[in-house]
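Notes for the one structure printed next.
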Amino acid sequence: MKIELELPNWLAQINSQPPQPAYQTVESRAELVIQLSRLNVEYNTGGPFAAAIFNRDTGALLTAGANLVVPLNCSIAHAEIVAIMLAHQTLETYRLSGHSPYQLVSSCEPCAMCMGAIPWCHIDSLVCCARDSDARAIGFDEGDKPDNWVEKYQTRQIEVIRDILRPQARQVLNDYARNSGHLY
């Protein structure tokens, strides 16, 4: 048996493009991720979440992921997990540390499952746009997470930056809910 992700065409195209101009700022990285979450909703290829992994220092995009839970019938196909899996395949390693300092930018704070995956793959920095409370407000179950998760990440040397372009990311979530998006 082999596990393969079938990416929507638009997302596969982003991941197969030659290196793009670097995303120099955290805000430009967040803008890309929010646009990907919006495209995932517009193309009806998954939920209102996206994530991407960048070289933290240069801003080069390594991989981009989107939530594919419903189209793949796979409860773990969250945007962060998809981006992490693609990064592992791209770098041909199960650890992201030691290659470059990598930053995961997510359209929303991680759920309980994704929260566990981030330290295991050795991400150096996490940027979150919307808050957990924004996803819960429209009906998503984010799982049981410790209240002090940011501090726990920091003790593991994972930088956490929150609320980057939060209103724009929250708007994608609200638009999804208003248009009767599937809540899972």
Side-chain angles (χ1 to χ4, degrees), residues 5 7-41 45-68 76-111 113-132 134-135 149-150 153-154 156-173:
L5 286 178
L7 300 178
N9 289 337
W10 64 269
L11 185 57
Q13 186 176 23
I14 289 168
N15 281 301
S16 65
Q17 289 178 353
Q20 301 297 303
Y23 297 87
Q24 294 298 326
T25 66
V26 172
E27 290 80 10
S28 65
R29 297 170 198 175
E31 284 174 359
L32 173 67
V33 167
I34 292 167
Q35 179 60 25
L36 296 176
S37 67
R38 189 173 287 114
L39 287 172
N40 206 32
V41 172
T45 50
F49 304 101
I53 298 177
F54 299 86
N55 179 302
R56 185 189 64 204
D57 295 340
T58 68
L61 175 65
L62 177 63
T63 58
N67 183 287
L68 303 173
I76 64 170
H78 290 201
E80 297 91 340
I81 300 297
V82 172
I84 290 167
M85 289 175 66
L86 292 169
H88 288 307
Q89 290 177 354
T90 299
L91 297 174
E92 297 180 346
T93 182
Y94 61 91
R95 292 176 65 131
L96 299 182
S97 63
H99 298 274
S100 289
Y102 286 110
Q103 182 173 68
L104 174 65
V105 180
S106 181
S107 63
C108 190
E109 291 178 341
C111 70
M113 175 185 66
C114 296
M115 184 174 286
I118 290 167
W120 288 114
C121 73
H122 297 266
I123 288 288
D124 297 289
S125 175
L126 171 65
V127 174
C128 306
C129 299
R131 288 269 180 134
D132 173 276
D134 300 327
W149 68 271
V150 172
Y153 269 17
Q154 290 170 339
R156 294 182 80 126
Q157 307 305 309
I158 301 170
E159 171 189 47
V160 178
I161 303 168
R162 300 165 84 184
D163 299 333
I164 301 299
L165 304 179
R166 183 179 179 192
Q168 294 91 323
R170 189 172 38 216
Q171 186 64 50
V172 175
L173 293 170

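Nothing here was measured: the structure is a model prediction, and the numbers come from that model.
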Side chain to side chain, L173 and F49, heavy atoms closer than 4.5 Å: yes
Minimum side-chain heavy-atom gap I34-R38 below 4.5 Å: yes
Beyond-backbone contact of P119 with I158, side-chain heavy atoms, under 4.5 angstrom: yes
CZ on R29 to CG on N55, rounded to 0.5 Å: 7.5 Å
Atom of I53, atom of A87 and distance for their closest heavy-atom approach: CD1-CB, 3.7 Å
Beyond-backbone contact of E31 with Q168, side-chain heavy atoms, under 4.5 angstrom: no
Distance, nearest 0.5 Å, that separates CZ of R156 from CG of D124: 12.5 Å
Nearest heavy-atom neighbours spanning L36 and I14: CD2-CD1, 3.2 Å
Interatomic distance, T93 atom OG1 to H88 atom NE2 [nearest 0.5 angstrom]: 7.5 Å
Spacing of C121 atom SG and M85 atom CE [to the nearest 0.5 Å]: 12.0 Å
Side-chain (T63) to main-chain (A83) donor-acceptor, under 3.5 angstrom: yes
Whether Y153 side chain and M115 backbone form a donor-acceptor pair below 3.5 Å: yes
Any donor-acceptor pair under 3.5 Å from R170 side chain to D134 backbone: no
OG1 on T45 to CG on N40, rounded to 0.5 Å: 3.5 Å
Heavy-atom pair with the smallest gap, counting every atom of A169 and A130: CB-N, 3.7 Å
Side-chain (N15) to main-chain (A64) donor-acceptor, under 3.5 angstrom: yes
Salt bridge (Lys or Arg N to Asp or Glu O under 4.0 Å) involving R131 - partner list, sequence neighbours excluded: E109, D163
Taking every non-hydrogen atom, the tightest pair across G65 and V82: CA-CG1, 3.9 Å
Distance-minimising heavy-atom pair for Q24 and T58: NE2-O, 3.4 Å
Residues in ring pair (Phe, Tyr, Trp, His ring centres under 6.0 Å) contact with W120, at least two apart in sequence or another chain: none
Close side-chain approach of Q17 and L61, heavy atoms under 4.5 Å: no
Any L91 side-chain heavy atom under 4.5 Å of Y102 side chain: yes
I81 vs C114 side-chain heavy atoms within contact, under 4.5 Å: yes
Shortest non-hydrogen separation from A50 to S37 and the atoms involved: CB-N, 3.4 Å
Distance, nearest 0.5 Å, that separates CD1 of I84 from CD1 of I118: 5.5 Å
Side-chain heavy-atom pair V105, V26 within 4.5 angstrom cut-off: no
